[in-house]
> 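Before anything else, here's the structure in question.
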2 protein chains.
Amino acid sequence: MSKIDKSLLSGSTSMLVLALLRESDKYGYQMITELALRSDNTFELKEGTLYPVLHALEKDGALKSYDKQAPNGKTRKYYSITKKGLELLDEKTEQWNTFAKAVNSTLMVKGTV
Amino acid sequence: MSKIDKSLLSGSTSMLVLALLRESDKYGYQMITELALRSDNTFELKEGTLYPVLHALEKDGALKSYDKQAPNGKTRKYYSITKKGLELLDEKTEQWNTFAKAVNSTLMVKGTV
DNA sequence: TGACATACCTCGGACATCAAGGTATAATCT
DNA sequence: AGATTATACCTTGATGTCCGAGGTATGTCA
């Protein structure tokens with residue numbers, strides 16, 4: 001439903017990807033559809049955004065990839081999160097919580113609570 | 001304290017500015033110090049970011065500005081939020097809530113509560 | 001006098017997002 | 001059989017945001 005300003009997404013994309021992979025290994029295309037599904041289409045992550053992010057995370061050692069044949073014959077590139085990736089996720093989650101709290105308290109300047 | 005990834009801020013800057021101005025008219029320099037204070041230094045809005053944002057919001061009709069002499073002799077440029085700005089703030093706030101909810105639900109994929 | 005705080009501003013680089021394009025295979029529709 | 005759609009990967013170029021670094025100017029304080 002609700003389309004949100006894409007710029008809000010900025011910086012949180014890699015966090016969301018890491019969060020998805022903490023659950024289980026996934027391949028790129030799957031992450032896009034899953035994110036859209038779970039967020040009720042709030043996130044419509046684009047391929048042009050995701051793939052570079054995945055490559056960067058892998059280069060940083062936060063992810064590892066392996067190819068796997070799908071039942072339909074297509075080759076899928078699965079990603080799994082590493083120990084380093086889990087640590088990065090923790091960091092980013094903490095930052096997110098701090099950020100969200102600060103935004104909310106700023107938005108409520110009217111003291112309306 | 002906690003420095004957060006500046007990219008998280010992306011897109012929310014104008015929302016925060018509008019929120020501050022909903023409370024009362026303020027001048028640029030003041031917004032920077034107030035935001036830092038209120039957010040416990042989570043937001044360290046830079047001048048190079050703020051001033052262009054203010055100019056853009058004014059150009060869009062969301063803000064109006066007027067000069068006012070400060071007791072210390074310096075001329076301050078105060079901004080006040082317009083009806084259009086209030087509507088914009090409502091929009092952005094709603095988007096923010098949607099976004100934050102979606103992020104949180106994605107982060108909790110483990111079902112850990 | 002020099003240093004610092006206040007108060008405004010702009011420019012250029014760095015980075016993230018995404019539209020648009022590309023490649024290739026398989027399934028489905030006409 | 002041919003066309004379209006879905007799956008699945010990728011890159012490039014344009015755009016937009018943020019900020020470091022610089023500039024201007026006034027007032028205060030040592």
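Protein chains get the first letters and strands the later ones, always in sequence-line order, with residue 1 at the start of each. Both backbone and side-chain heavy atoms feed into the values below; hydrogens, waters and symmetry mates do not. As the structure is a computational prediction, the values presented were derived from the model and not from experiment.
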> Between A:Y79 (OH) and D:dA8 (P), how many Å, whole number?
14 Å
> Quick one: what's the B/S/- string for nucleotides 16-30 of chain D, heavy-atom cutoff under 4.0 Å, read 5' to 3'?
-SSBB-----BS---
> If you compare all heavy atoms of B:E34 against all heavy atoms of B:K26, which two are closest, and at what distance to 0.1 Å?
OE1-CE, 3.2 Å
> Ignoring hydrogens and geometry, is there a side-chain-to-backbone donor-acceptor pair from B:R22 to A:L107 under 3.5 Å?
yes
> Scan the side chains in residues 64-72 of chain A for donor-acceptor partners under 3.5 Å anywhere in the protein, sequence neighbours excluded, and list what turns up.
| unit_1 | atom_1 | unit_2 | atom_2 | d |
| --- | --- | --- | --- | --- |
| A:S65 | OG | A:E58 | OE2 | 2.7 |
| A:Y66 | OH | A:D25 | OD2 | 2.5 |
| A:Q69 | OE1 | A:T75 | OG1 | 3.3 |
| A:Q69 | NE2 | A:G73 | O | 2.8 |
| A:N72 | OD1 | A:K74 | N | 3.1 |

> To the nearest 0.5 angstrom, please state how far the CG atom of A:L63 sits from the CG atom of A:L18.
6.0 Å
> Apply side chain to side chain donor-acceptor pair (under 3.5 Å) to B:Y27 and list each qualifying residue two or more places apart in sequence or on a separate chain.
B:R76
> On DNA chain C, reading 5' to 3', which nucleotide is the first and which the last to sit with an atom under 4.0 Å from a heavy atom of chain B, could you check?
C:dT6 to C:dT10
> Return the OG1 to CD distance between A:T98 and A:E94, rounded to the nearest 0.5 Å.
6.0 Å
> Could I get the full list of salt bridge (charged side-chain N to carboxylate O under 4.0 Å, His left out) partners for B:E91, not counting sequence neighbours?
none
> For D:dC10, take OP1 and OP2 only and decide whether either is under 4.0 Å from a side-chain N or O of A:Y51.
no
> Report yes if at least one side-chain N or O of A:H55 is closer than 4.0 Å to OP1 or OP2 of D:dT11; otherwise report no.
yes
> Using a cut-off of strictly less than 4.0 Å between a heavy atom of the residue and any atom of DNA chain D, enumerate the qualifying residues of residues 84-92 of chain A by number.
none
> Whole-Å distance between D:dA8 C1' and A:E34 CD?
15 Å
> Quick check against the 3.5 Å criterion: does A:T49 have a side-chain atom that pairs as donor or acceptor with the backbone of A:L45?
no
> Assess whether side chain to side chain contact (heavy atoms under 4.5 Å, CB included) is satisfied between B:R38 and B:L20, documenting all intermediate values.
CA-CA 10 Å; B:R38 292 183 185 215; B:L20 283 179; 4.1 Å; yes
> So, do B:V17 and B:Y79 sit near enough that their side-chain heavy atoms are less than 4.5 Å apart?
no
